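Beneath this line is the structure, given in structure tokens, with notes to follow.
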Amino acid sequence: MAVWRRLWCRNLLAVSLLFCILLITMDVHARPANMSASKDKTPAGKDDNEILPQDHMNGVKMEMDGHLNKDFHQEVFLGKEMEEFDEDSEPRRNRKKLIEIFTKVDFNKDRSVSAKEMQRWIMEKTEEHFQEAMEENKNSFRAVDPDGDGHVTWDEYKIKFLASKGFNEKEVADKIKNNEDLKLDEETQEVLESLKDRWFQADNPPPDQLLNEQEFLSFLHPEHSRGMLKYMVKEIVRDLDQDGDKKLTLSEFISLPVGTVENQQAQDIDDDWVRERKKEFEDVIDSDHDGIVTMEELEEYMDPMNEHNALNEAKQMIAVADENQNHNLELDEILKYSEYFTGSKLMDYARNVHEEF
């Protein structure tokens with residue numbers, strides 16, 4: 001009996017190892033279509049986060065890589081309070097917090113939220129993200145302005161960037177000073193060239209090849225500058241535009257990233273990608289509904305401080321949860337659809353709603 005037990009355990013171990021190998025292989029070859037749905041938006045390292053522009057921008061509807069911002073609704077509804085609604089939070093505490101938010105959005109205290117009230121709230125929360133970015137930028141600017149003269153040269157930034165990637169800061173500085181070859185790998189060189197183009201775009205006229213603190217903010221957060229917003233749109237269109245006409249058709253906008261689908265789950269992700277982008281293109285971005293999105297339309301769509309966009313967003317958010325079809329949101333509706341507004345699903349959402357409110 002003991003022999004059979006040992007043999008059974010060995011076979012079980014072998015099968016388990018084989019299963020793990022198969023899972024890893026599937027994970028490597030199957031690609032998620034919409035990377036924004038799965039990528040971690042938490043900065044990998046503090047030093048990188050201080051001086052590197054991020055693909056993700058809070059309160060902006062599209063990422064720098066052209067993917068839709070999956071967290072946009074939550075960002076413009078919760079503002080700085082987003083982190084308080086995580087999967088591990090206690091549901092009753094989340095419900096209480098959401099009720100508090102509802103009372104703030106309900107500006108006229110009539111126990112319902114209108115589109116105008118939601119628009120006002122969205123603009124306030126977007127401004128919160130702006131203020132947060134400005135505070136972070138102060139620290140970021142100090143990190144790349146070692147002499148504290150209030151201006152940063154491209155070479156100063158390049159030294160700090162390469163140091164954040166593991167290069168010896170003193171050696172890099174000496175090589176740049178002596179105009180020596182840095183011997184960078186191809187990937188790092190491509191990143192530097194892209195950053196350099198973005199750097200000079202952020203240099204407001206008259207260009208002096210130096211960035212002050214405000215210009216550095218535009219470099220890290222292009223949504224803070226109209227000129228950099230145009231640059232961001234230009235880059236996105238360039239990546240998606242397949243025929244070079246500097247406009248986007250529906251087929252170009254919903255084109256899937258290059259890769260291979262090898263299982264049903266990946267196929268479902270692709271189907272969701274196409275469906276979501278088609279709806280956004282037709283219902284929101286293509287404002288004149290002519291089947292073409294121009295750079296101007298995309299710029300208006302991506303402008304986080306556009307009040308017209310905020311009103312449209314408010315109406316869409318209300319429509320998602322407006323079960324009684326009165327074009328307003330009541331407390332029980334917002335609690336029932338809490339996952340849409342906060343990313344956190346509340347259990348027993350209706351329990352004691354009126355008493356707590």
Side-chain angles (χ1 to χ4, degrees), residues 36-37 58-62 68-132 272 275-280 282-285 287 301 303-357:
S36 294
N58 287 334
V60 180
K61 299 193 76 168
M62 191 175 285
L68 299 180
N69 178 1
K70 296 294 184 181
D71 296 329
F72 177 74
H73 305 302
Q74 295 154 28
E75 290 168 359
V76 297
F77 184 72
L78 297 176
K80 293 189 297 184
E81 296 173 302
M82 264 195 76
E83 294 180 2
E84 296 187 24
F85 289 85
D86 56 47
E87 293 179 1
D88 299 325
S89 297
E90 204 276 319
R92 187 174 181 83
R93 187 195 68 83
N94 283 353
R95 183 172 67 246
K96 183 178 179 181
K97 188 68 181 174
L98 189 51
I99 291 170
E100 290 174 3
I101 292 174
F102 178 87
T103 60
K104 293 176 183 177
V105 184
D106 179 20
F107 186 70
N108 64 5
K109 306 304 177 188
D110 66 349
R111 299 197 173 199
S112 68
V113 171
S114 67
K116 280 291 185 181
E117 286 174 320
M118 185 67 84
Q119 177 198 30
R120 173 180 170 275
W121 182 256
I122 288 172
M123 296 300 292
E124 284 184 12
K125 296 295 110 178
T126 302
E127 181 61 30
E128 273 186 18
H129 289 304
F130 268 51
Q131 293 299 323
E132 188 176 28
D272 288 342
R275 184 163 47 251
E276 289 171 7
R277 290 179 73 87
K278 183 175 186 294
K279 178 176 175 57
E280 195 73 7
E282 294 176 339
D283 296 351
V284 186
I285 309 176
S287 56
Y301 168 78
D303 181 4
M305 296 307 290
N306 186 314
E307 292 189 6
H308 178 69
N309 283 352
L311 180 59
N312 284 338
E313 184 63 30
K315 291 176 180 177
Q316 289 180 45
M317 291 173 75
I318 289 173
V320 167
D322 184 21
E323 291 194 340
N324 63 9
Q325 299 295 301
N326 67 349
H327 306 294
N328 288 334
L329 274 185
E330 276 72 49
L331 180 59
D332 60 336
E333 291 173 330
I334 207 169
L335 290 174
K336 183 174 182 179
Y337 289 85
S338 63
E339 192 168 10
Y340 174 80
F341 291 101
T342 70
S344 176
K345 192 170 185 178
L346 305 183
M347 303 303 291
D348 300 326
Y349 73 91
R351 186 182 61 190
N352 297 327
V353 163
H354 299 294
E355 288 82 353
E356 291 193 45
F357 182 50

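The first residue in the sequence is number 1, and the count goes up from there. As the structure is a computational prediction, the values presented were derived from the model and not from experiment.
- Note that the CZ atom of F72 and the CD atom of E313 stand 4.5 Å from one another [nearest 0.5 Å].
- Heavy atoms from other residues, nucleotides or ligands lying under 6.0 Å from CD of E124 number more than 12.
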(request) Might you work through the side-chain contact (heavy atoms from CB on, under 4.5 Å) test for N69 and M62, ending with a clear yes or no? (result) CA-CA 5 Å; N69 178 1; M62 191 175 285; over 6 Å; no

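- The two atoms that bring N328 and D322 nearest to each other are O-OD1, 3.2 Å, heavy atoms only.
- Across all non-hydrogen atoms, the minimal contact from L68 to Y301 is CD2-OH, 3.8 Å.
- Side chain of E323 to backbone of E333: no donor-acceptor contact under 3.5 angstrom is found.
- No side-chain heavy atom of R93 sits less than 4.5 Å from a side-chain heavy atom of K96.
- Taking the side chain as every heavy atom from C-beta outward, I101 and W121 approach each other to under 4.5 Å.
- The structure places NE2 of H73 at 12.5 Å from CG of L78, a figure rounded to the nearest 0.5 Å.
- For the pair F85/S338, no side-chain contact is recorded, criterion being any heavy-atom separation below 4.5 Å from C-beta on.
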(request) Output, in order, the C-alpha distance, side-chain angles, deciding distance and verdict of side-chain contact (heavy atoms from CB on, under 4.5 Å) for K125 and F77. (result) CA-CA 7 Å; K125 296 295 110 178; F77 184 72; over 6 Å; no

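- I122 has its side chain within reach of M118: a pair of non-hydrogen atoms, C-beta onward, lies under 4.5 Å apart.
- Ion pairing of E100 with K97 is present here, as a side-chain N (NZ or NE/NH1/NH2) and a carboxylate O approach within less than 4.0 Å.
- Of the inter-residue distances, the one linking Q74 atom CD with E81 atom CD reads 13.5 Å to the nearest 0.5 angstrom.
- Counting only distance, with no hydrogens or angles, the side chain of N312 and the backbone of Q316 share no donor-acceptor pair below 3.5 Å.
- Atom NZ of K315 is separated from atom CG of L311 by 4.5 Å, given to the nearest 0.5 angstrom.
- The backbone N or O of T103 sits less than 3.5 Å from a side-chain atom of K109, completing a donor-acceptor pair.
- In this structure, the side chains of R111 and E330 stay at 4.5 Å or more apart for every pair of heavy atoms.
- When the options H129, E128, E127 are evaluated for a side chain to side chain donor-acceptor pair (under 3.5 Å) with Q131, the one that passes is E127.
- Put simply, the side chain of E117 gets close to the backbone of S114: a donor and an acceptor are under 3.5 Å apart.
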(message) N58 vs D71, test: side-chain contact (heavy atoms from CB on, under 4.5 Å). Steps then yes/no.
(response) CA-CA 8 Å; N58 287 334; D71 296 329; over 6 Å; no

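- Expressed to the nearest 0.5 Å, how far CG of D303 lies from CG of N306 amounts to 5.0 Å.
- Here the side chains of K61 and E280 are in contact, with some heavy-atom distance below 4.5 Å.
- Minimum interatomic distance between A115 and A314 (heavy atoms only, all atoms of both residues): O-CB, 3.5 Å.
- Between D106 and L329 the shortest side-chain heavy-atom distance does not fall below 4.5 Å.
- Taking the side chain as every heavy atom from C-beta outward, L98 and T342 approach each other to under 4.5 Å.
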